[in-house]
Novice: 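Next up is a structure, given as structure tokens.
Order of the sequence lines fixes the chain letters, A, B, ..., with proteins taken first and strands second; residue numbering starts at 1 for each chain. Note that the structure is a prediction, hence the values are computed from the model and not measured.
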Amino acid sequence: MTTDLHSTESSNFIREAIEEDLRTGRFAYVQTRFPPEPNGYLHIGHAKALCIDFGMAEAFGGVCNLRYDDTNPVKEDVEFVDAIQEDIQWLGYKWGKQGPLYASDYFEQLYHMALQLILKGKAYVDDLTADEIREYRGTLTEPGRESPFRNRSVEENMDLFKRMRAGEFDEGSRVLRARIDMASSNINMRDPTMYRIIKATHHRTGAEWPIYPMYDFAHGQSDSVEGVTHSLCDLAYEDHRPLYEWFLEELGLFKTRQIEFARLNMTYTILSKRFLKQLVDGGHVRGWDDPRMPTLCGMRRRGYPAKAVRRFIDTIGVAKKENLIEIELLEHLVRDELNQSADRVMGVINPVKVTITNYPEGQVEEMEAINNPEDASAGTRKVPFSREIYIDVDDFREEPPPKYFRLAPGKEVRLRYGYIIKCVDYMKDPQSGEVMEIHCSYDPETRGGYAPDGRKVQGTIHWVSAAHAIDAEVRMYDRLFTEINPNKVEEGTTFKDYLNPDALKVLKDCKLEPSLADAQVGDKFQFERKGFYCMDVDSKPGHPVFNQTVSLRDSWAKIEQKK
RNA sequence: UGGGGCAUGGUGCAAUGGUAGCACACCAGACUUUGGAUCUGUGGAUCUUGGUUCGAAUCCAGGUGCCUCAGCCA
């Protein structure tokens, strides 16, 4: 039970509302929908909506449709349609059997609904310009004014709208508006636009339509037509609910219940498709799937397991309160998932050579190493040991601070699965002062790292045999922004002013143990003592590239920081 | 002096009139051939003021604060 994804079990106000609807008979079944606009890639914020939409359907034995809200051809593209499906499947969800649906499937029906409203005197063609419409709309505190075209006859409206549909008018020259109430305290009810003229090619309907329904005129009816019982959405649509209900009422359609919840916000990240697009188009990242991006494809490439993302969404819960989730929670779950599943391996990211002076030249020993201490079934592997090895520069200090349990002049350290070695000498670059090479002696009695005399050796470090090492590139990532909430930054600045220049660091001379020669793109490993890494698509035969998914918790770094 | 929402530790979510709990974060310790993992422990919250009640985070009234809406975007 606890190992299961129980997003379907945690209590929240939406689940309670649905239960009540079933109990009272308002609905006899549950159906939901996930309605992305194909104008960008899905991000972790969408994952929340997605898990709620699919999760609620699942929980009540219903289905969740995938329906693209493709009512604005100038912003949409098939590229995104395909990517969105891939991301949903990655998270492990299945949409309704009819396959992906599109609001554009309903263009003809929607058109007839508009005609119906015109006939009822509930819609009219307005010749006001966009600017004039805005002026006539009034303000938050003052009522709007009625358009001079508001009282056109049904016949004239029918004629004009049909001619709009026939493509007789220019873009921007006219719109179709609902005839509701220009004095409503809810601005969405002040005769909202239903149709506008757009002469662009639609990714599915091509050039068939010169007019396109607004989201507000399409969404509610699409839900209704599909028999969606519960339309779960962002708080932003709370004010639109009366409008959707008005359309359904006037049209005599099945009445979906809309329930709104707060969108996800996460520290140090931005979750706005518009802003993410700016990062991509502006070249601030390498693409939508850049591992620094909060997109699902970015996270996948970074090495985040889908299950960690699902658990994250489950853990943060659902409410109507504005929230700012700490990114550390996601990272914790990523570590937790990977800790169970990822094989351990040794990789030296910043190498420095160590020569074991008393180890026979030319000798190679195969040391046995455990693949995953959390999973005995993962077995063991052999790691070659020889006279020259690489260790991480961080694991040597000329002047070790107190409690530094690694290699230092005259000090002993254990090489994991290897031997206990002692530093006898080291060479520095006279120019830079950098440590170039370290000389150690080894204790032949300590094979495997065990000291038969029972002597205590506190530190254990990882290493790679120089002659057997695979050269690799490792890309280290950090948060994309330096500001905890890039959505709310000082006036006069934008989120782009807070991009973290150190969010990506490329290390090109990394040394990995030879077992990694068989790794495939997407494979995930723990480089012991460092973090979790995932093989990147940029890998070339014989020269792998690894992304650091997330570092291991580093309590030594914490100790050092305090000083 | 428009409408719609929301207020529980640092963060997020529970508790649905009966001992305010969980996760992450934080701090301290144990263990350790990963300074990982694991284990143990500490601290810390009901926006405010009244009211109802034996009893209020929960119900009522009034304040206060925060978010949000004026696209021919979704």
Novice: Decide if the gap between the ring center of A/His240 and the ring center of A/Tyr215 is smaller than 6.0 angstrom.
Specialist: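 No.
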Novice: Classify the nucleic acid contact of A/His240 as base, sugar-phosphate or nothing, counting any heavy atom under 4.0 Å across all strands shown.
Specialist: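 Answer is base: heavy atoms of A/His240 come under 4.0 Å of a base.
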Novice: Once you apply a heavy-atom cut-off of 4.0 Å, does A/Lys273 come out as touching a base, just sugar-phosphate, or nothing?
Specialist: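 Nothing, no heavy atom under 4.0 Å.
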Novice: Who pairs with A/Lys524 by side chain to side chain contact (heavy atoms under 4.5 Å, CB included), at least two apart in sequence or on another chain?
Specialist: A/Leu338, A/Cys534
Novice: Start at the 5' end of RNA chain B and walk down; is the nucleotide closest to A/Ser185 or to A/Asp336 reached first?
Specialist: A/Ser185
Novice: Would a distance-only check, ignoring hydrogens and angles, find a side-chain to backbone donor-acceptor pair under 3.5 Å from A/Arg344 to A/Ala342?
Specialist: yes
Novice: In terms of the angle between their ring planes, are A/Tyr442 and A/Tyr419 parallel, tilted or perpendicular, with boundaries placed at 30° and 60°?
Specialist: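 Plane angle over 60°, so perpendicular.
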Novice: So, are A/Asp443 and A/Arg414 salt-bridged, with charged N and O less than 4.0 Å apart?
Specialist: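 No.
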Novice: Sort out the partner of B/G17 for me: Watson-Crick or G-U wobble, both distances under 3.5 Å, none otherwise.
Specialist: none
Novice: Check whether the ring centres of A/Tyr268 and A/Phe481 lie less than 6.0 Å apart, and answer yes or no.
Specialist: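 No, the ring of A/Tyr268 stays outside the 6.0 Å limit from the ring of A/Phe481, centre to centre.
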Novice: Rounded to the nearest 0.5 Å, what's the gap from CD1 on A/Ile461 to CD1 on A/Ile391? Could you check?
Specialist: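 CD1 of A/Ile391 is found 4.0 Å from CD1 of A/Ile461.
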Novice: Does the distance from a Lys or Arg side-chain N to an Asp or Glu carboxylate O, for A/Arg67 and A/Asp223, drop under 4.0 Å?
Specialist: yes
Novice: What residues, two or more places apart in sequence or in another chain, satisfy salt bridge (Lys or Arg N to Asp or Glu O under 4.0 Å) together with A/Asp53?
Specialist: A/Arg33
Novice: Which residues in residues 65-78 of chain A have at least one heavy atom lying under 4.0 Å from any atom of RNA chain B?
Specialist: A/Asp69, A/Thr71, A/Asn72, A/Lys75
Novice: Contact class for A/Ile420 (heavy atom, under 4.0 Å): base, sugar-phosphate, or nothing?
Specialist: nothing
Novice: What one-letter contact string describes nucleotides 17-30 of chain B from 5' to 3', where B marks a base within less than 4.0 Å of any protein heavy atom, S marks contact via sugar-phosphate atoms alone, and - marks no contact?
Specialist: -------B-SSS--
Novice: Atom CG of A/Asn265 to atom P of B/C13: distance rounded to whole Å?
Specialist: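 Going from A/Asn265 (CG) to B/C13 (P), I get 11 Å.
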Novice: How would you label the glycosidic angle of B/G29: syn (within 90° of 0) or anti?
Specialist: anti
Novice: Please say whether more than 12 non-hydrogen atoms of neighbouring residues, nucleotides or ligands are located less than 6.0 Å from NZ in A/Lys422.
Specialist: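 Not buried by this count: 12 neighbours or fewer within 6.0 Å.
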Novice: Any residue in residues 231-238 of chain A with a heavy atom nearer than 4.0 angstrom to RNA chain B? Just list them by number, or reply none.
Specialist: A/Tyr237, A/Glu238
Novice: Any salt bridge (Lys or Arg N to Asp or Glu O under 4.0 Å) involving residues 191-202 of chain A? Give me the pairs, sequence neighbours left out, ordered by first then second residue.
Specialist: A/Arg150-A/Asp191
Novice: Please work out if A/Met346 contacts a base, only the sugar-phosphate, or nothing of the nucleic acid, heavy-atom cut-off 4.0 Å.
Specialist: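 The residue A/Met346 makes no contact with any strand.
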